[in-house]
J.: 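Quick one: the structure is below, questions incoming.
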Amino acid sequence: MNEHPTLPPSGPKAAAPVKPTRLQAIRGMNDILPDEAPLWELFEDTARRVFAQYGYRNIRVPIVESTALFVRGIGEYTDVVEKEMYTFEDKLNGESLTLRPEATAGIVRASIEHSLIYDRPQRVWTSGPMFRHERPQKGRYRQFHQMDAEALGFAGPDVDAEQIVMLARLWKALGLAGIELHINSIGNAGERAAHRQALVAHFERHADLLDADAQRRLHANPLRILDSKNPALQPMLAAAPKLIDFIEDDSRAHFEELQRLLTEAGLAYTIDARLVRGLDYYNRTVFEWIDASGTLGAQGTVAGGGRYDALFEILGGKPSFACGFAIGIERMILLLAALGAHCAPAPLAYVVHAGDAAGTLARRAAEAARDAGVAIVTNAGDGSMKAQMKRADASGAAYALIIGDDEARTGTVAIKPLRGGGEQFAVPAGELATRLAALTR
Ligand code: HAM
């Protein structure tokens, strides 16, 4: 009798196992593999160290925030909010949520929520993934990483200059030359309103030239039209009224003092009247550091930032002052890789062992060495002595520690230099930790 009436008597021929398809990372979202990770660590460690030298402390905010935070904070008519956000509905309550496209809005929200800055200003930094649905290309990804620093509650311009000087120090510490500083002042709200009026009038005079994007932004956000990459618009944009010509005394004095401080610090800069940045929250100081080596192709801006004094109020907080920037870490890694920077941390030693007694001695000796601060990899997964020696070599370790039957019996460990020659020698297992610790010095 057929116990499975739904199957033909000959068996489940048609139900041959289906080979699962291979899943891949989402387009524009990259894996950072162990061989690449050392450059990331080099960058992150150096940045953390330099930022700490200026009194910046770490803050960590969620990757998911309510969509309204970014719409209000970054601005409804920016590319980021209009086109690039990963927005989804919370399944339970229908709330609109967004994967953060940047860190500043979240940090300001957190500062307001926890009354972080009302009794004293704060210098904070954060780092981590950001998400923008852009067309991926070299240096531009959909999940990318920023190292972000914010000086909250400082009116500047001393702190604006300090941040720029701090970045110059970071480039130097990383050995990166050829990153150029561009600065501009985009004034305050009143000055921008006057400029905006003049700008709209200019664009209206050339209405026949405006593309669909520009027309849509004409009244909602005419400043953004200046960011247009459409070649047909460029001559008209070049002739547009310049914001710098509308800047009044206070903002002008702020900008002049910033320049004085940069000159005092010995930093060269270019004043770039068209630098307005892609996010709406800025006022007065804006700056970008642009790689001039050509390594990054079209995505040369490695860091950007500026002052955003209105953001606290826009997000429901008390009026405050703030200035900050973010560095694109992937772009930093491309520059460091092009420099040939490398720092592959390898263990000092790799333990090769054969037999039960040798295994016990190997594990014990390795733990004692780690107690002494030595990085040591113990062979796992058996293998002949020859195969284990190959793994020792591939690990990058400076020494192989060999523990066979003889060593297990006599309680010794043979130390074989793997690089740069040198004779193998034996030490009592009890002395291994101190001998290895001495070799790391
Ligand atoms: P942002 O100019 O949008 O500013 O981004 C800062 C940096 O992040 C850029 O200069 C670039 O290096 C990197 N970046 C941006 N988008 C991408 C992408 N799709 N792929 C790879 N890298 C990218 C901000 O995000 C502001 N929150 C900076 C700030 C902080 N302003 C004040 N405080």
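In each ligand, atom 1 is the first atom listed, and ligand 1 is the first ligand listed.
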J.: Under a 4.0 Å N-O cut-off, is there an ion pair linking R48 with D45?
T.: yes
J.: Has ligand 1 got any nitrogen or oxygen that is less than 3.5 angstrom from a nitrogen or oxygen of A326?
T.: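 It does not: no N or O of A326 is found under 3.5 Å from an N or O of ligand 1.
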J.: Any Lys/Arg nitrogen of D148 or R100 sitting under 4.0 Å from an Asp/Glu carboxylate oxygen of the other?
T.: no
J.: Counting only heavy atoms, which portion of Y282 has something under 4.0 Å from ligand 1: side chain, backbone, both, or neither?
T.: side chain
J.: In ligand 1, which numbered atoms sit nearer than 4.0 Å to a non-hydrogen atom of A303?
T.: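 By the 4.0 Å cutoff, the relevant atoms are 10 (O).
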J.: Should the proximity of C323 to ligand 1, defined as any heavy atom under 4.0 Å, be assigned to the side chain, the backbone, both, or neither?
T.: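 For C323, no heavy atom sits under 4.0 Å from ligand 1.
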J.: I'd like to know whether E44 forms a side chain to side chain donor-acceptor pair (under 3.5 Å) with S127, so could you lay out the CA-CA distance, the side-chain angles of the two residues, the decisive distance to 0.1 Å, and finally the verdict.
T.: CA-CA 9 Å; E44 287 163 351; S127 79; 4.9 Å; no
J.: Which ligand 1 atoms, with their elements, are less than 4.0 angstrom from a heavy-atom of D148?
T.: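 Near D148, the atoms of ligand 1 are 30 (C).
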J.: Just jot down the ligand 1 atoms closer than 4.0 angstrom to any heavy atom of Y308, in number order.
T.: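 By the 4.0 Å cutoff, the relevant atoms are 32 (C), 33 (N).
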J.: Applying salt bridge (charged side-chain N to carboxylate O under 4.0 Å, His left out), can you list everything that pairs with D393, at least two apart in sequence or on another chain?
T.: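 Scan of D393 (salt bridge (charged side-chain N to carboxylate O under 4.0 Å, His left out), adjacent residues dropped) gives R419.
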J.: Quick one: does G139 get a heavy atom under 4.0 Å from ligand 1?
T.: yes
J.: Let's go through F325 and D160 carefully: what are the C-alpha distance in whole Å and the side-chain angles of both, what is the deciding distance for side-chain contact (heavy atoms from CB on, under 4.5 Å) to 0.1 Å, and is it a yes or a no?
T.: CA-CA 10 Å; F325 65 81; D160 316 19; over 6 Å; no
J.: For atom 22 (N) of ligand 1, what is the nearest protein heavy atom, given as residue, atom name and distance?
T.: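 Here the nearest protein heavy atom works out to F144 CD1, 3.5 Å.
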J.: Which bit of E150 gets closer than 4.0 Å to ligand 1, counting heavy atoms only: side chain, backbone, both or neither?
T.: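 It is the side chain that touches ligand 1; the backbone stays farther off.
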J.: Return the option from E102, R277, E134, H133 holding the heavy atom at the smallest distance from atom 4 (O) of ligand 1.
T.: R277
J.: Do Y56 and Q163 pair up side chain to side chain, a donor and an acceptor below 3.5 Å, judged on atom types alone?
T.: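 A donor-acceptor contact under 3.5 Å links the two side chains.
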J.: Less than 4.5 Å apart, any side-chain heavy atom of Q197 and any of V200?
T.: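 No, side chains not in contact.
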J.: Could you tell me whether R364 and E367 have a side-chain N and a carboxylate O separated by less than 4.0 Å?
T.: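 Looking at R364 and E367, the cut-off is not met.
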J.: Please list the nearest protein heavy atom to atom 30 (C) of ligand 1 with its residue and the distance rounded to 0.1 Å.
T.: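 Answer, as residue, atom name and distance: T104 OG1, 3.0 Å.
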J.: Judged on heavy-atom distance to atom 26 (C) of ligand 1, which of F287, Y281, W289, Y141 sits nearest?
T.: Y281
J.: Among all protein heavy atoms, pick out the one at the shortest distance from atom 12 (O) of ligand 1; state its residue, atom name and that distance to 0.1 Å.
T.: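 Result for atom 12 (O) of ligand 1: T301 O, 2.9 Å.
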J.: Backbone, side chain, both or neither: what part of Q146 comes under 4.0 angstrom of ligand 1, heavy atoms only?
T.: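 It is the side chain that touches ligand 1; the backbone stays farther off.
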J.: Which residue holds the protein heavy atom closest to atom 13 (C) of ligand 1, what is that atom called, and what is the gap in Å?
T.: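 Here the closest protein heavy atom is G328 CA, 3.6 Å.
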J.: What do we get for V302 next to ligand 1 when only non-hydrogen atoms under 4.0 Å count, side chain, backbone, both or neither?
T.: backbone
J.: Regarding T104 and Y281, do their side chains bring together a donor and an acceptor under 3.5 Å, going by distance alone?
T.: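 Yes, a side-chain donor-acceptor pair sits under 3.5 Å.
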J.: Would you please name every residue forming a salt bridge (charged side-chain N to carboxylate O under 4.0 Å, His left out) with R109, sequence neighbours left out?
T.: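 Scan of R109 (salt bridge (charged side-chain N to carboxylate O under 4.0 Å, His left out), adjacent residues dropped) gives E65, E113.
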J.: Heavy atom under 4.0 Å from ligand 1: found in R140's side chain, backbone, both, or neither?
T.: both
J.: I need the atoms of ligand 1 closer than 4.0 Å to a non-hydrogen atom of F325, numbered in the order shown.
T.: 28 (C), 29 (C), 30 (C), 32 (C), 33 (N)
J.: Does a side-chain heavy-atom distance below 4.5 Å link V81 with D280?
T.: no
J.: Only heavy atoms of G305, strictly under 4.0 Å: list the atoms of ligand 1 that pass.
T.: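 It comes down to these atoms of ligand 1: 31 (N).
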J.: Using 0.5 Å steps for rounding, measure from the NE2 atom of H133 to the CG atom of D79.
T.: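 H133 atom NE2 to D79 atom CG measures 14.0 Å (nearest 0.5 Å).
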J.: Quick one: nearest non-hydrogen protein atom to atom 24 (C) of ligand 1, plus distance?
T.: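 So the nearest neighbour among protein heavy atoms is L279 CD1, 3.6 Å.
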